[in-house]
K.L.:
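I'd like to ask you about the structure that follows.
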Amino acid sequence: MKEVSSEEWIICTPPAGIQATRLTVESLKENAEYNFRVCAINSEGVGEPADVHGSVTASEKIEAPEIELDADLRKVVSVRAGGSLRLFITIRGRPEPSVKWEKEDGTLTERAQIESTSSYTMLVIDNVNRFDSGKYNLTLENKSGTKSAFVNVRVLDTPSSPQKFEVKDVKKNSVTLCWDPPLTDGGAKITNYVVEKRESTRKAYTTVTSNCTQTSFKVDELQEGGIFYFRVCAVNDSSVSLSWGKPATNGGAYIKGYIVEMKEVSSEEWIICTPPAGIQATRLTVESLKENAEYNFRVCAINSEGVGEPADVHGSVTASEKIEAPEIELDADLRKVVSVRAGGSLRLFITIRGRPEPSVKWEKEDGTLTERAQIESTSSYTMLVIDNVNRFDSGKYNLTLENKSGTKSAFVNVRVLDTPSSPQKFEVKDVKKDSVTLCWYPPLTDGGAKITNYVVEKRESTRKAYTTVTSNCTQTSFKVDELQEGGIFYFRVCAVNEYGFGVMAETKNPIKVAQVPMPPGKVTLVDVTKNSVTLTWVKPVHDGGSKIICYNVEMQPKSSDKWGVSCTVKVPEATVSNLTPGETYSFRVTALNEKGKSEPQELGVPVVAKDIEIEPSVHLLFNTYSVKAGDDLTVEVPVRGRPKPVVSWKKDETSRLAWTLVHGEVKTTTFKVTKLLKGNEYIFRVLAVNKFGLGEALQSEMVKVTEPYTIPGAPTNVEITSVTSEEMRLAWTKSASDGGSEILGYIIERRDKSGLHWVRVNRDLVKDLTAVISKVRRGCEYEFRVYAENSAGLSPASDPSPSARAEDELLVPSPPTKPKILDHTKNSITIAWKKPLSDGGAQILGYSVEYKNSEDTEWIVAIQMTKSNEFTVSGLTTDVQYVFAVKAINKVGVSEQSPVSESQSAMERKEEPVFDIDIEMRKTLIVKHGNSFTLTAPFKGKPVPSVTWNKEEVDLKARASIETTETCTSVTIEKATRNDSGQYIVTLDNGVGTASLPVMVKVLDTPGPPTNVKITEVTKNSVTIAWSKPEYDGGSRITSYLIDALEKGQQKWVKCATVKANTHIIKNLRENAEYFFRVRAENHAGLSEPKEMIIPVVVKDQLDAPEFDMKNFPHNTVYVRAGSNLKFELPLSGKPMPKVTMSRGNAPVKCGKRFSFEVTPEKPPANVRISEVTKNSISLVWQKPPFDGGSKITGYIVERRDAPNGRWTKANFTNVIDTNFTVSGLTQDQAYEFRIFAKNAVGSISNPSLIAGPVTCVDISGKFIAATLLVISCYHAQQYYSHFITHGSVSSHS
């Protein structure tokens, strides 16, 4: 690997390589960008590297935890008692989240087994019982966040014992038994109860009834004066296993075990089912029974005195196989396609059923199930596990269950999210001289994700590494351009999806980049005879990138229209024989290479096959040719003749050399000749010149033109002078020869000792004879060689240096850090320290601990070597000051002593007391009446604190049992009552400090009786009763009230109603009868004691004398300005309703234009109350007015307002006929008030009722006062009027 910004490649594997085809590279720089490549190794050495496409940035992938809860796990998970609970949940998260399972209402059982991986977690509890029911919480957490979910579990078991079992109504020969249902029904409906009795003189119970369906039973025909014990148990729909409880008494000795006996119903002989010594368990499965036989069972307890009386198991049992056809419960998620990442784990967890237990068979539809598949099956589930999945694990998995009752099958489709498979039908088409076109089909499997692009690569046949042509091809074809003409290449292509690069599809055979050649050049007729023709032609201008293999000469007789190949030759010349004399022929030539045949080149004219004679002749174009010395001379001379003449060339020997004048006037006896051609050979001559002419020439020997210098010699004595784990220092000796040119610098190469390839180290030339080589890999062994470079080039390589390993010199470690005091007692001190900054290049083997008295100079060794970073020095003297020091040890030796610790006396440590509790302890503890509870408070403190428990106005030493240890205290209350509710305070005190912890306890009990029960209104056939809520609600909300009535002279109370409000109208009573009433409150724990009325109520209409309310009319007078309108309202009351008349001066007054009056209903709607409240509606009920104003009541108007001072608005948009109405469309948590108007047939509207409310989401009740208004209107009053209301002797004047 290498960083993108670096040129140096670093080996990530051991020098000898690895066998696997997968590697995780660690210790990378965060956010750095890297390139990677891979080389294969065989016995011949290391192959060419293959680059990994693109670069990789080393950054953490963050993914918040996720929990995939199956639909079945969102419901209540039911499991049979004695069975196995399996909660299998798929999880995700990067980094891998921590997994925590908890049981909300208690501690997770020790039988719980938890298995977790990066992709799933599974909670397993075998042999479950009713106590395993409850809410199981799963929490995932990583640095990206937290995720929680829960699963509700219900264990289907036998019911618990009935509650509040009592004996009532004891008579001389019978008793009545009463009880409440069990607290837990075992997860199934209670079907019946079994009642048993036992005489006090016997030890065995006998069955009274096994089919009681009520919670009470009258036991008849008992012996008068007999003493009996009674017991009752509940039976549910769950299957009955053979189990029992401990005896009521153990006979004064420890119960050692139990013996179970059985017999066939038709037999009298009992057979022991257990070992003779009995069994310790209270549950037994009896096997090897006869099919369809009917059996009785009984159980005896054993103590040291012997075997007790047997207890019969109720009824008989028929031993028959429960037949149940196989069933497969496939989760909703498994009905979809199950997706899993390549390299991950596939977990198919499926719940199954069947009696007898079905056989389980897993198959893969389109192939054999992989050998990596692990199958786990029980009677309740089967699980298929495949770890490290790959794309070939995708497909359809079939599950088949089979037993004697039938067969059941299901399938799960699995998709492995992987890189794609290889593209199909990869072909090379349209090969040109410098390009090819590649075509393919998409892969058979896309890896579970869309194919985004394709990567195309090429490799020359002479190389081992592929190079990328394109990494962003989006089509299924690609044209590769700019290939070397005639080059031989391999090509490959792979598909890419979001999970990476897929499998490569490669060309099986090498592809030569070439095309058919161009046509041959001009075809020339060289010779013709009567039966042959000789042709020549020019080679094609381009061979198509592939060597010309041969030429085809084709001919066509004039008498034919078809061309035929007459001969095939490898040179551009051919003689076509066996021609027909006198026949006329056309000729053409085609060139062939490995790619095919060129276009034909034709001879320009037809040829007649006949002999021709021509006298030889030569046609010279020039007689003289000039050529520069050193150049090639070519002379072409056309020759004619028939038959073909023989040509010969001769050269005149006298002109062997052609001399070239270099300089004609040289004054000295030396001269430098320039512009000579390197590698050519020359002869020079010199001629002296005087006035008489040229002298004789002086001729040199032949001289070859070469450079004046050569490459330098190789450097010598290359050696590694110093080594660390990070760098090496190299030195060498200068080359013996510089080749005649100054040495410009040196190039250094290195090689891993186990490798084959030399790698250049320095980019720029090294000028000195030393160099520091950095970026070496720790632990690798290297050797180096050096090249010298001058103007002529590089020298040969030096001999390799001796090899050296990149590692630091081993030293003793540096000292550890200064020890710190962690703890101390009166004879020991515990210290801790941190490891040294440097380990000296070798692993720290341990530490030596020393100590001394603060006043001494001599150190004492507490321990020669400990591997821990913490140590307790014991055997110290109390109250003496000590100091401590530590030394580190590696294989080289012992470090210097660490800095000395602070001094510390050997004395007991003092700590303020604190409570060591979790948040659950701070919540209110809810306890049912009659149950026991324990409050436990762990704590810490030195010295051990004293503990005190307190509860206001209660002596806990007398009421409770308190237990305290050095680290924990607890208080236990037996048979809790409502008086045990409240705050318990536990206080710690150890002289160093104090601490207190308040704990709240609420005991759920039946409520107290209602208060202030009273009658608010009586009519001839109804009574309105009201009350206040109880002073004590029993620890839970009052849910309802029960009202009973007892007619005077009768013995039995009659239930009237169950209501939620604090008032109720009891109707259909007998007129003039006397009734007692009582009210009971009810909460979740049950009914309160009744609150009874002591004085009976007579049901009859009440009589009230007529009466005006004149408080708003001083002196019974109303004043009004002349000409103004007069209107006033005068309240009046009376039972029965008084008759109203108006008079003036003892004369009746009639209503007219100027004067009118009306009587509204005497009372508005009465007893308005809230009957039901929801988050957006409130329901009202009321009573109609006792007086309708002389006309039938036709409806009611309901108004509401926002409490306390909102504006009144109409709440009903249609006429309300009934005496109840629900106001909807309200705002949650808003308080409202309501009032009601009555209206009659003549259109009169009553005054509003008393306001009901304010109310939000609680029941509200209130008092309602009735009033009748007399409205008198006067227009343009001119004088006073008198009016009278007559009923008896009441009157009034105004």
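Fair warning: this is a prediction, and the values are worked out from it, not measured in the lab. For this chain, numbers begin at 1 and follow the sequence in order.
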K.L.:
Report yes or no: does Arg785 contribute a side-chain atom to a donor-acceptor pair with the main-chain N or O of Val718 at less than 3.5 Å?
P.N.:
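Checked: no pair found.
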K.L.:
What I want to find out is whether Glu102 reaches Lys100 closely enough, with some N-O distance under 4.0 Å, to be called a salt bridge.
P.N.:
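Between Lys100 and Glu102 there is a salt bridge, with a charged N closer than 4.0 Å to a carboxylate O.
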K.L.:
List the steps and the verdict of side chain to side chain contact (heavy atoms under 4.5 Å, CB included) for Trp101 and Thr121.
P.N.:
CA-CA 10 Å; Trp101 282 94; Thr121 181; 3.1 Å; yes
K.L.:
Going by salt bridge (charged side-chain N to carboxylate O under 4.0 Å, His left out), Glu63 matches just one of Lys147, Lys143, Arg92. Which one?
P.N.:
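Going through the options one by one, the only one that passes is Arg92.
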K.L.:
Between Tyr847 and Trp833, what is the ring plane arrangement, given parallel below 30°, perpendicular above 60°, and tilted in between?
P.N.:
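Correct class here is perpendicular.
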K.L.:
Taking Tyr120's backbone N and O only, do any of them form a donor-acceptor pair with Arg347's side chain (distance below 3.5 Å, no angle check)?
P.N.:
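No, because the side chain of Arg347 does not come within donor-acceptor range (under 3.5 Å) of the backbone of Tyr120.
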K.L.:
Checking Asp823 against Thr830: is there a side-chain donor and acceptor pair closer than 3.5 Å?
P.N.:
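Absent: no donor and acceptor within the cut-off.
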K.L.:
Would you please name every residue forming a ring pair (Phe, Tyr, Trp, His ring centres under 6.0 Å) with Tyr34, sequence neighbours left out?
P.N.:
none
K.L.:
For the salt bridge (charged side-chain N to carboxylate O under 4.0 Å, His left out) test, which of Arg805, Arg750, Arg751 pairs with Glu783?
P.N.:
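Among Arg805, Arg750, Arg751, the one meeting salt bridge (charged side-chain N to carboxylate O under 4.0 Å, His left out) with Glu783 is Arg751.
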K.L.:
Checking Asn497 side chain against Tyr499 main chain: does a donor-acceptor pair fall under 3.5 Å?
P.N.:
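Indeed, once roles are kept as given, a pair shorter than 3.5 Å links the two residues.
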K.L.:
Please check if the side chain of Ser828 supplies one atom and the backbone of Thr872 the other of a donor-acceptor pair under 3.5 Å.
P.N.:
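Not a single qualifying donor-acceptor pair exists.
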K.L.:
Any sub-3.5 Å donor-acceptor pair from His824's side-chain atoms to Met907's backbone N or O?
P.N.:
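Side chain of His824 to backbone of Met907, a donor-acceptor pair under 3.5 Å: yes, one is there.
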K.L.:
Does Arg492 count as lying over the ring of Tyr466, i.e. NZ or CZ under 6.0 Å from the six-ring centre, within 45 degrees of the axis?
P.N.:
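Yes; both conditions hold, so Arg492 lies above the ring face of Tyr466.
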K.L.:
Distance-only, no hydrogens or angles: does the Asn990 side chain make a donor-acceptor pair with backbone N or O of Pro943 under 3.5 Å?
P.N.:
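Looks like yes, one N/O pair under 3.5 Å.
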K.L.:
Hey, is the main chain of Thr419 close enough, under 3.5 Å, to the side chain of Arg391 for a donor-acceptor pair?
P.N.:
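Yes; at least one donor-acceptor contact below 3.5 Å.
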K.L.:
Check Lys29 with Glu3, please: is the shortest side-chain N to carboxylate O separation under 4.0 Å?
P.N.:
yes
K.L.:
Do the side chain of Asn827 and the main chain of Ser874 share a donor and acceptor less than 3.5 angstrom apart?
P.N.:
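Looks like no, no N/O pair under 3.5 Å.
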K.L.:
Tell me whether Ser814 contacts the main-chain N or O of Pro836 through its side chain, where contact means a donor paired with an acceptor under 3.5 Å.
P.N.:
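A pair under 3.5 Å: no.
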K.L.:
Does the Thr817 side chain pair with the main chain of Lys834, one donor and one acceptor, at a distance under 3.5 Å?
P.N.:
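Yes; judged by distance alone, with no hydrogens or angles, the pair exists.
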